[in-house]
Amino acid sequence: MRQHLHNYQNCRYHEMTASGLARHKTFSCGLNILYSNIGRNTRQQSEQLRFFEYYSLAHLYRGSGIFLIPGGKPIELHAGDAILIAPGFLHYYGPCHDKAGFEEDNICFFGELPDFLFANGYLQSRIFSQGTTRILEPVHSRLNSGDLLEQLHGVLDFQALLLGLAAEHGSPQQIERRSPIERLLYGIWQNPSHWWTVEEMAQFCQLDRERFRNAFRAHTGSLPKAYVDNFKIDLARHWLETFDWTIEHISRNLGYTDKFHFSRRFKNLTGLAPDHFRRKVREKQAAPPPESE
């Protein structure tokens, strides 16, 4: 199994199950398919943050939705958007509250090729416009053929598709065309234990402090220090809701010097101490559903 590339320790995540690994033949070509699904209709909203042990490429060909990351503003998804998620990237995407949902095709994969592309900046967790032509449907058909040669063609077709996306959307030239603020945000999301100072962020974006603060606020709606602070606390809320980790473990993974500093900051921003927040969540989860009239 591949080495994990995420920064979270001892996390429960969507993992590469034995049934998934057995679904498709494994070919020694640097790219292996874990799952492929087409025509999936997503209507139920949960806004539950998640991350994967594998890579995922989803293509929304009908409907609309939202994309969320801790500390970030919701991003609207539209028909034609593709979403590439790398291992360990904490996120949520799903239907909007007031919309009918969306239909998508999806392929989950792993291997030396995507690891190489990710390590060299050609693949990153991101949203990009791909049009409404269902690019994953013919790949899925070949992958699920009963013919071994057709399955291999399916893997090679997906490899060509992945390399094309990397060349179009993830080349060093494309990465350089992204704004410095966008590149900074990816750095913040990928390393939640790091404490970014305003000076460090301004230097990363090659701006003086005042111009950086104005540019950051225009892009995110938040000042830099508050953004990093809220990102960490949003992530802490998710971990407290989802895992049985100790307060000390959570504080360490978020870069706090000790659990007392973390607990004070958490209470300042949420109104509850971390252990009290967790108890209220568990009580709500354990409560019986209201009786229907």
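Atom CD of Gln124 sits about 10.5 Å away from atom CD of Glu182, to the nearest 0.5 Å. Between the CD atom of Glu241 and the NZ atom of Lys284 there is a distance of 9.0 Å, given to the nearest 0.5 Å. The distance from atom CG of Asp157 to atom CD1 of Ile135, rounded to the nearest 0.5 Å, is 12.0 Å. In this structure, CG in Leu162 is found 5.0 Å from CG in Leu123, a value given to the nearest 0.5 Å. Here the straight-line distance linking atom CG of Leu235 with atom CD1 of Ile250 works out to 9.0 Å at 0.5 Å rounding. Note that CD of Glu76 and CG of Asp81 are 10.0 Å apart. Values are rounded to the nearest 0.5 Å.
The ring-ring contact (aromatic ring centres under 6.0 Å, His included) test applied to His276 returns no partner, not counting sequence neighbours. Residues meeting the ring-ring contact (aromatic ring centres under 6.0 Å, His included) test with Tyr61, sequence neighbours left out: none. Listed by chain and residue number, Asp208, Arg213, Asn214 satisfy the side chain to side chain contact (heavy atoms under 4.5 Å, CB included) test with Glu210 (two or more places apart in sequence, or in another chain). Applying the side chain to side chain contact (heavy atoms under 4.5 Å, CB included) test to Ser193 and every residue at least two apart in sequence or in another chain returns Asn191. Taking the side chain to side chain donor-acceptor pair (under 3.5 Å) definition, one finds that Arg279 meets it with nothing, sequence neighbours left out. The ring-ring contact (aromatic ring centres under 6.0 Å, His included) check on Phe212 picks up Phe216, with sequence neighbours excluded. Taking Arg40 as the reference, Glu104 meet the salt bridge (charged side-chain N to carboxylate O under 4.0 Å, His left out) condition, with sequence neighbours excluded. For Glu150, the side chain to side chain donor-acceptor pair (under 3.5 Å) partners two or more places apart in sequence, or in a different chain, are Arg142. Ser145 pairs by the side chain to side chain donor-acceptor pair (under 3.5 Å) definition with nothing, not counting sequence neighbours. Remark: Glu200 pairs with His194 by the side chain to side chain donor-acceptor pair (under 3.5 Å) rule, at least two apart or across chains. The ring-ring contact (aromatic ring centres under 6.0 Å, His included) test applied to Phe128 returns His169, not counting sequence neighbours.
Using a 4.5 Å heavy-atom cutoff, the side chains of Leu84 and Ile127 are not in contact. Residues Lys280 and Leu272 meet the side-chain proximity criterion, which asks for heavy atoms closer than 4.5 Å. Leu60 has its side chain out of reach of Glu103: every pair of non-hydrogen atoms, C-beta onward, lies at least 4.5 Å apart. Within the 4.5 Å cutoff, no side-chain heavy atoms of His91 are placed close to those of Leu68. Residues Ile247 and Ser263 meet the side-chain proximity criterion, which asks for heavy atoms closer than 4.5 Å. For the pair Phe231 and Pro192, the minimum side-chain heavy-atom distance is below 4.5 Å. Counting heavy atoms from C-beta on, the side chains of Tyr35 and Ile107 never come closer than 4.5 Å. Residues Met201 and Tyr227 are not in side-chain contact: their nearest non-hydrogen atoms beyond the backbone lie 4.5 Å or more apart.
In plain terms, the two heavy atoms of Leu143 and Gly154 that are nearest each other are CD2-C, 3.8 Å. Contact detail for Ser251 and Phe262: the closest heavy-atom pair is CB-CB, 3.5 Å. For the pair Asn106 and Ser56, the tightest heavy-atom approach, listed with the atom from each and the gap, is ND2-OG, 2.9 Å. A pairwise comparison of heavy atoms in Arg278 and Leu240 identifies NE-O, 3.4 Å as the closest pair. The minimum heavy-atom distance between Leu136 and Leu161, with the atom names listed, is CD2-CD2, 3.5 Å. For the pair Pro95 and Ile66, the tightest heavy-atom approach, listed with the atom from each and the gap, is O-CG1, 4.1 Å.
One hydrophobic cluster, built from ILVMFWY side chains closer than 4.5 Å, holds both Val228 and Leu254. Each of Leu223 and Val198 belongs to its own hydrophobic cluster when Ile, Leu, Val, Met, Phe, Trp and Tyr are linked at side-chain heavy-atom distances under 4.5 angstrom. A single hydrophobic cluster is not seen to contain both Leu269 and Phe260; linkage of ILVMFWY side chains at heavy-atom distances under 4.5 Å, directly or through other members, places them apart. Cluster membership check: Leu77 shares its hydrophobic cluster with Leu185, using side-chain heavy-atom separations under 4.5 Å among Ile, Leu, Val, Met, Phe, Trp and Tyr.
Counting only N and O atoms by type, the side chains of Asn253 and His249 include a donor and acceptor under 3.5 Å apart.
Under the 4.0 Å criterion applied to side-chain N and carboxylate O atoms, Arg62 and Asp105 are not assigned as salt-bridge partners.
Put simply, the side chain of Trp195 gets close to the backbone of Gly255: a donor and an acceptor are under 3.5 Å apart.
Aromatic pair His140/Phe158: centroids not less than 6.0 angstrom apart. Checked against the 6.0 Å centroid criterion, the rings of Phe266 and Phe277 qualify as a close aromatic pair.
Heavy-atom contacts from other residues, nucleotides or ligands closer than 6.0 Å to CZ of Arg282 number more than 12.
For residues 256-275, the pairs satisfying salt bridge (Lys or Arg N to Asp or Glu O under 4.0 Å) are Asp229-Arg265, with sequence neighbours left out.
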**OP:** Give the intermediate values and the outcome of side-chain contact (heavy atoms from CB on, under 4.5 Å) for residues Leu165 and Leu57.
**Re:** CA-CA 11 Å; Leu165 294 175; Leu57 178 62; 3.8 Å; yes

**OP:** Dump the intermediate steps for side-chain contact (heavy atoms from CB on, under 4.5 Å) on Phe102 and Ser64, then the final yes or no.
**Re:** CA-CA 5 Å; Phe102 57 81; Ser64 61; 6.0 Å; no

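Phe109 and Tyr55 have parallel rings, their planes meeting at less than 30° on a 0 to 90° scale where 60° marks the start of perpendicular. Below 30°, between 30° and 60°, or above 60°: for Trp196 and Phe204 the angle between ring planes is above 60°, a perpendicular geometry.
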